[in-house]
Amino acid sequence: MAVVRMNKITILGLEKERARLMDALMKMGAVQISESSLEDIPGVSIPENRSELVRLEHMLGELSTSLEIAGRYAPVKKPLFSSRRVISQNEFQSVLASSSDIMEKVREINACESRIAAIKSEENRQRALLTSLEVWMDLDLPLEIAHTRNTAVALGNLPKSVNLDELEKNLGDQIGEAALVRSGSDSDHHYVVLFVHKAREQEAFSILKDMGFNRISFKGMQGTPAENRERILKTLEDLSKEREATINRIKDLAKEREKIETLHDAVLMERDRVDAVGKLLTTRSVFLLNGWLPAEISDKLKSRLERDFLCSVQITEPDPDEETPVLLKNGPFTEAISPVIDMYGLPNSREIDPSPTTMFFFIFFFGMIVADAGYGLILALAGGLALRLFQMEEGTRRFMKLVLFGGLATIFWGIMFGSYFGIESLGQYALWFNPSGTEGGTEKLMAFCLLFGIIHLYAGHTMKALNLIRHKQYLDAVFDVLFPVIMYTGFAMAILPNVPGIDPQAAAKVSSYGVYVLLAGAVLTVFSAGRSKPNLFGKVFGGLPKLYDIIGFLGDVLSYMRLMALALSGGILAGLINGMAGGGSIIFKLTGGLVLILVGHAINFAMSILGGYVHSCRLQYLEYFSKFLEGGGEPFRPLKANTQYILVKQEDETLWRQI
C-alpha cells in the first residue's frame, strides 16, 4: 500500500539484437523507456522512425474507421461489462500472416462507406430536382427547348404578387407577338413559360424583368417534365438498390470483425514499439536505452536480460530529490479507491500514498450519506454479483469493488440509524440512534458530523507531517503542522458549548481550557510561521496572517454539515414515499401504491448513490487532499501491449505479474 520505489535502468546492447530485445521488454511490461538526450558525439544518432510512425498511424486510422463502420451497420450485442478477448499466440500470428488480405477487406469496408455517402448525396440531388419539377408537371414541352427558328422560349418564375392577367395584357399591348403560359404556383411564386418572337425577345424580357421575372434552366434534362420525373424516380430506385447492396456487403465483410480488431491491436503494439525505438541512442553496432522500472524487480529483470541477450544492464537508484514515474501498489481492499485517486491525480513520487486513508474515509462518508441498510444491500449485491459473474477490465473491476464496499458501509450506517427502505416503524431498532425519529437526534447527528469532519481534517494534517518527516524536515512538521493543529484544537474546544447537541454546562469546563490551548497554539504558530523571513521583524510578526487560518478551519469543519443534510434528506424522502404509497384503499395499495413504491425508491436510490459519490469525492478532494497532497505525479507507463480489443495469451506472464 505505497508508491512503488523506482530504479533507473540503462541497457547497452548490440544493434542486431535491438528488435528482439524490444519485443522481450514489451512482453515483460515492466520498463518505461525515457527520452535519450543526443549529445554532439560523432556516430551517435536517434533512429529515424517518423515515416514508419506515419504509416502505422495511417493503418490505425483505416482499421479504426472500418470497425466504426462495421459497428454501425452490423452492431454486435456486447455484455454488460465488456472485456478484451483472450487469444492464443497461434491465433495472433495467423492474423499477422494474413494482414494483407485483412487490409484489403478493411479498405473495401471504407470504400463502401464512401460509396454510401456518394449515393446519399446523389439521392438528395435527385430529390431536389424532383421537387423543382413538381410545378411543371402540367407542361407538355421538352425542357431543353430554348428556341425554335422564329420563337424564343423561356421558363421562369414571377413573384406571387404579380397579376398574371394584367401582365399578359401588357405583353399583348406592347409586344403583340408574345404569349405567357401558366404552369403552376406555390406560396411565393408563379411558374410560367414565355413564348415570344425572336425579334421582340429583348423587349419582352425587359418587361418581365421589371416585374421580377427569374429565368429557370434545367441543364442536362431532356424531354418533358413528366418524362424527367419518371427518369428520376427510376434513378432513385436504382440508387436505393445499390445502397442496400453496399450495406449488405459491409455486413458480409463485418464477419471479419474479430480479425480486424486483432490486426488493429497488432498495429497499435507495433506503433508503440516503433515510438519507443525513437527514444534510443544508436550507432552502427550498438544501442543505448534509458528508462525506469520498479526496484523490486530490478535484479530479476537484469539477470533475465543478461542471460538472453549479449548486453550490459546497469541499475541505479534515483537521486533523493529526483522525481520518478508513479505506480501505486495496493492490496485487494485499498485498490478499490484508485478510480477516485485517478480522477484527482497521482501523488508525486516523494509523497506517501493516500490510498489507504482515502479508501476508509470515502466509504465511511458514502455510507453515512446514503445511510439505508436496504439500499446498501442492493448496492453490495450489485457489486458482489458483478465481480463474481462477469469478466471485466481492471479499471471496471476496481470500481465494482468500490461499489461493493460502499454498499457494505451503507448497510453499516443503515443498521446504526435504524433505516431500512425508510420504514418508520423499524427506526426503533437503531443500533445507535435514529436521527429523524429520536428527540434531539438531528442535533446529535450534526455534532457527530462536525466531529468526523475534524478527524478527517486532522488526518490530512497528519499526512502532511508524515510527508515532512519522510523528507527529514522534522522542524517543519512541528512548526507547520503541530502548532496550527494545537491552535485549531483550542478553537474547537473554546466554541464547544455552542455546538448543537452538546450539553453547554458539561462543555463549559472544556471550553475554559480551550481558550488557553487556543492562545498557546496561536502564539506558537505566529512566532514560528515567519521563520523564513530575512529580518527580525518579519520573523516575529510574519506569522500574523496565519491567525486567519482559524476562519478557514471553521469553514472546512462546517462543510461536513452536508453529511447530515444528505443523510436526513434521503431517509425523509423514503419515508414520504412509503407514506404516500400506504394511503388509500387496498386496490390503490396493490396497484398505484406498488408502482409508487418501486418508482419512488428507484429515484431516491439513484439520487442517494449519486449524492454519496459526488459529495464523498468532494470531501476528499477539497478538504482532505488540500491539506497535504502536492500531486503532479507522472504515471508509470511501461512498454507493454496496450491493446483495445484483445489480450494475447503469453506462455509466461509479464514479469510484473510474477511478483
* I would like to know whether E15 and R284 meet salt bridge (Lys or Arg N to Asp or Glu O under 4.0 Å); could you show each step before the answer? => CA-CA 7 Å; E15 177 66 16; R284 289 194 306 170; over 6 Å; no
* Asked: Going through the distances and angles, do E57 and R271 end up as a salt bridge (Lys or Arg N to Asp or Glu O under 4.0 Å)?
  -> CA-CA 7 Å; E57 289 287 358; R271 185 201 63 181; 3.3 Å; yes
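- The shortest distance between side-chain heavy atoms of E91 and V648 does not fall below 4.5 Å.
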* **K464 vs E351, salt bridge (Lys or Arg N to Asp or Glu O under 4.0 Å): CA-CA, chis, key distance, verdict** => CA-CA 9 Å; K464 180 179 180 179; E351 291 183 294; over 6 Å; no
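- A salt bridge is absent between R350 and E322: the closest approach of a Lys/Arg side-chain nitrogen to an acidic carboxylate oxygen does not fall below 4.0 angstrom.
- If you run side chain to side chain contact (heavy atoms under 4.5 Å, CB included) between Y488 and each of L554, V517, D549, V557, only D549 comes through.
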* To do: Test F364 against F452 for ring pair (Phe, Tyr, Trp, His ring centres under 6.0 Å), laying out the working first.
  => CA-CA 10 Å; F364 184 88; F452 296 150; 5.1 Å; yes
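- The pair E261-R85 meets the salt-bridge criterion, with a side-chain N (NZ, NE, NH1 or NH2) lying under 4.0 Å from an Asp/Glu carboxylate O.
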Atom pairs and distances, side-chain donor-acceptor, residues 624-639, under 3.5 Å, sequence neighbours left out:
{"unit_1": "Y624", "atom_1": "OH", "unit_2": "T357", "atom_2": "OG1", "d": "2.6"}
{"unit_1": "S626", "atom_1": "OG", "unit_2": "L622", "atom_2": "O", "d": "2.6"}
{"unit_1": "K627", "atom_1": "NZ", "unit_2": "D556", "atom_2": "OD2", "d": "3.2"}
{"unit_1": "K627", "atom_1": "NZ", "unit_2": "E623", "atom_2": "O", "d": "3.1"}
{"unit_1": "E630", "atom_1": "OE1", "unit_2": "N348", "atom_2": "ND2", "d": "3.4"}

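- Contact of the Y560 side chain with the H456 side chain is registered, since non-hydrogen atoms from C-beta on lie closer than 4.5 Å.
- One finds a salt bridge joining E306 and K302 here, because a Lys/Arg side-chain nitrogen approaches an Asp/Glu carboxylate oxygen to under 4.0 Å.
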* **Stepwise ring pair (Phe, Tyr, Trp, His ring centres under 6.0 Å) test for H264 and Y645** => CA-CA 8 Å; H264 173 279; Y645 300 104; 5.2 Å; yes
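- A salt bridge is defined here as a Lys NZ or Arg NE, NH1 or NH2 lying under 4.0 Å from an Asp or Glu carboxylate O, and E393 with R398 fails to meet this definition.
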